[in-house]
Protein chains: 2
Amino acid sequence: MARTNRELDRDQKREEILRAARELFLEHGYEGTSMQRLAARVKVAPNTLYWYFADKDALLIGVMKRVVQAGLGEYERRRGTALDAQVRWMLGLFWETRTLIATVHNRAQVSSEVRAWHDTAHRMIEKAIEAELRSRGLANGHEVAAARIMSFIAEGVVAHQSSKAEQTRIVRLLMHLLRLDVDDGALR
Amino acid sequence: MARTNRELDRDQKREEILRAARELFLEHGYEGTSMQRLAARVKVAPNTLYWYFADKDALLIGVMKRVVQAGLGEYERRRGTALDAQVRWMLGLFWETRTLIATVHNRAQVSSEVRAWHDTAHRMIEKAIEAELRSRGLANGHEVAAARIMSFIAEGVVAHQSSKAEQTRIVRLLMHLLRLDVDDGALR
DNA sequence: GCCTCGTGTTGGACGGCATTCAAGAGGAAC
DNA sequence: GTTCCTCTTGAATGCCGTCCAACACGAGGC
């Protein structure tokens with residue numbers, strides 16, 4: 001794709017806008033970032049943004065697609081590493097983007113496009129968690145529900161800004177419970 | 001309180017505004033409810049609302065205070081009933097007010113007043129969950145972390161509009177894990 | 001009965017927001 | 001050189017939350 005110079009320019013500009021949007025959303029929040037302000041950052045008239053994106057929600061989806069894709073790519077490289085390192089890494093990633101995550105959940109209430117993207121993103125992330133559980137024999141037979149629970153807990157932890165100490169306590173308890181489940185399975 | 005007729009009128013009007021705000025927030029969402037619209041519902045000029053409430057977030061907090069207080073009151077009446085009935089009831093309550101819950105989490109990012117109220121509300125709710133866990137000997141020694149996890153899961157379930165079937169699977173898994181923990185404690 | 005004063009209420013304005021429209025610039029293709 | 005599509009823009013629209021200054025009203029003191 002992007003055969004002609006024209007299409008190349010267009011894609012570059014799109015990416016530039018998305019990069020600026022990600023920075024501003026993270027720094028000032030979604031509602032705190034006006035299209036005006038974003039346009040000024042990219043040195044362009046506000047209306048120009050609407051040639052590249054249908055509306056502000058489309059911009060949010062564009063930003064999030066790249067964030068999640070980058071996250072899943074990084075995960076591929078971390079496959080097979082220690083479980084608690086993976087958990088810590090995932091919580092760190094969620095933490096850095098917590099304002100974006102909160103915004104997606106808010107906009108998903110209103111925009112069906114955001115909701116649709118949010119749902120598929122959850123599916124992808126939870127598939128990855130399920131795979132990790134399965135490869136370790138954890139939550140045997142309940143991998144799907146366990147993955148869902150884990151994603152809810154991860155979102156809760158970052159949304160509520162739990163301290164490092166609390167994060168550790170929560171993760172430890174969860175791991176403790178999942179290990180008991182393994183032992184229980186072994187006995188039966 | 002509310003000694004004079006004057007103060008009685010004021011309190012009545014305040015309550016009337018809060019009742020209308022709750023209805024509109026639930027029906028059209030927080031952002032979908034303009035001060036204009038709310039004022040029209042109460043048959044009053046938009047500015048009048050600002051005599052009773054500092055700003056829109058104060059209105060949100062006022063609505064939520066009443067919702068949570070009513071919920072905790074109802075909980076007192078349900079103390080000692082079966083655990084799964086309590087869980088189902090709590091999820092139902094969260095479900096009915098899910099748009100309000102989502103809004104609080106969104107505004108808490110921006111408004112320190114909303115954040116402060118949100119934090120104390122969580123504390124109250126989790127204290128109640130802890131008490132239930134303790135009275136049943138569940139999550140022995142990890143009651144605080146377990147209560148936190150349970151509140152995160154409850155919020156996740158309603159925010160992500162899990163189906164009844166999925167809710168059942170998630171609750172069942174969690175209960176299963178907590179019971180294993182009890183058996184483990186008994187053996188040691 | 002009148003006046004004062006604090007309690008409510010209002011019209012009108014302000015600045016900011018996302019978004020739209022119609023007009024235009026610029027360059028590639030013929 | 002002209003056409004035509006891609007991209008950009010200034011200006012406007014209709015919302016929004018909030019503020020200010022003026023005004024109504026009724027209770028309490030005289």
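None of these values were measured; they are calculated from a predicted model. In the text below, chain A, chain B and the rest are named by the order of the sequence lines, each starting its count at 1. Worth knowing before you read on, the calculation uses all heavy atoms, side chains too, and leaves out hydrogens, waters and symmetry mates.
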Rounded to whole angstroms, how far apart are [atom1] on [X] and [atom2] on [N]?
X	N	atom1	atom2	value
W51(B)	dC20(D)	CH2	C1'	17 Å
L24(B)	dC16(D)	CG	C1'	16 Å
D9(B)	dC25(D)	CG	P	15 Å
K43(B)	dT9(C)	NZ	P	15 Å
R37(B)	dC16(D)	CZ	C1'	13 Å
L60(B)	dG17(D)	CG	P	13 Å
F53(A)	dT8(D)	CZ	P	12 Å
Y52(B)	dG8(C)	OH	C1'	6 Å

**Study point:** side chain to side chain donor-acceptor pair (under 3.5 Å) partners of Y75(A), counting only residues at least two apart
**Key:** E132(A)
**Study point:** Pairs meeting criterion side chain to side chain donor-acceptor pair (under 3.5 Å) with involvement of residues 57-71 of chain A, two or more places apart
**Key:** E15(A)-R66(A), Y30(A)-D57(A), D57(A)-R107(A)
Exercise for review: Would you mind building the protein contact string for nucleotides 13-20 of chain C? One character per nucleotide, 5' to 3', B for base within reach (heavy atoms under 4.0 Å), S for sugar-phosphate only, - for untouched.
Suggested key: ----SSBB
Check your understanding: Going through the distances and angles, do H122(B) and H160(A) end up as a ring-ring contact (aromatic ring centres under 6.0 Å, His included)?
Key -> CA-CA 10 Å; H122(B) 256 279; H160(A) 296 78; 4.4 Å; yes
Review point. Any side-chain donor-acceptor pair under 3.5 Å between R172(A) and H142(B)?
Key: no
Practice item. Say whether H105(A) and H118(A), considering side chains only, have a donor N or O and an acceptor N or O under 3.5 Å apart. Key: yes
Check your understanding: OP1, OP2 of dC7(D) versus side-chain N and O of T48(A): anything below 4.0 Å?
Key -> no
Check your understanding: Counting distance only, does the side-chain N/O of T33(B) pair as donor-acceptor with the main-chain N or O of G29(B) below 3.5 Å?
Key -> yes
Practice item. Looking only at side-chain atoms of R10(A), point me to the closest of dT8(D), dC7(D), dG8(C). Key: dC7(D)
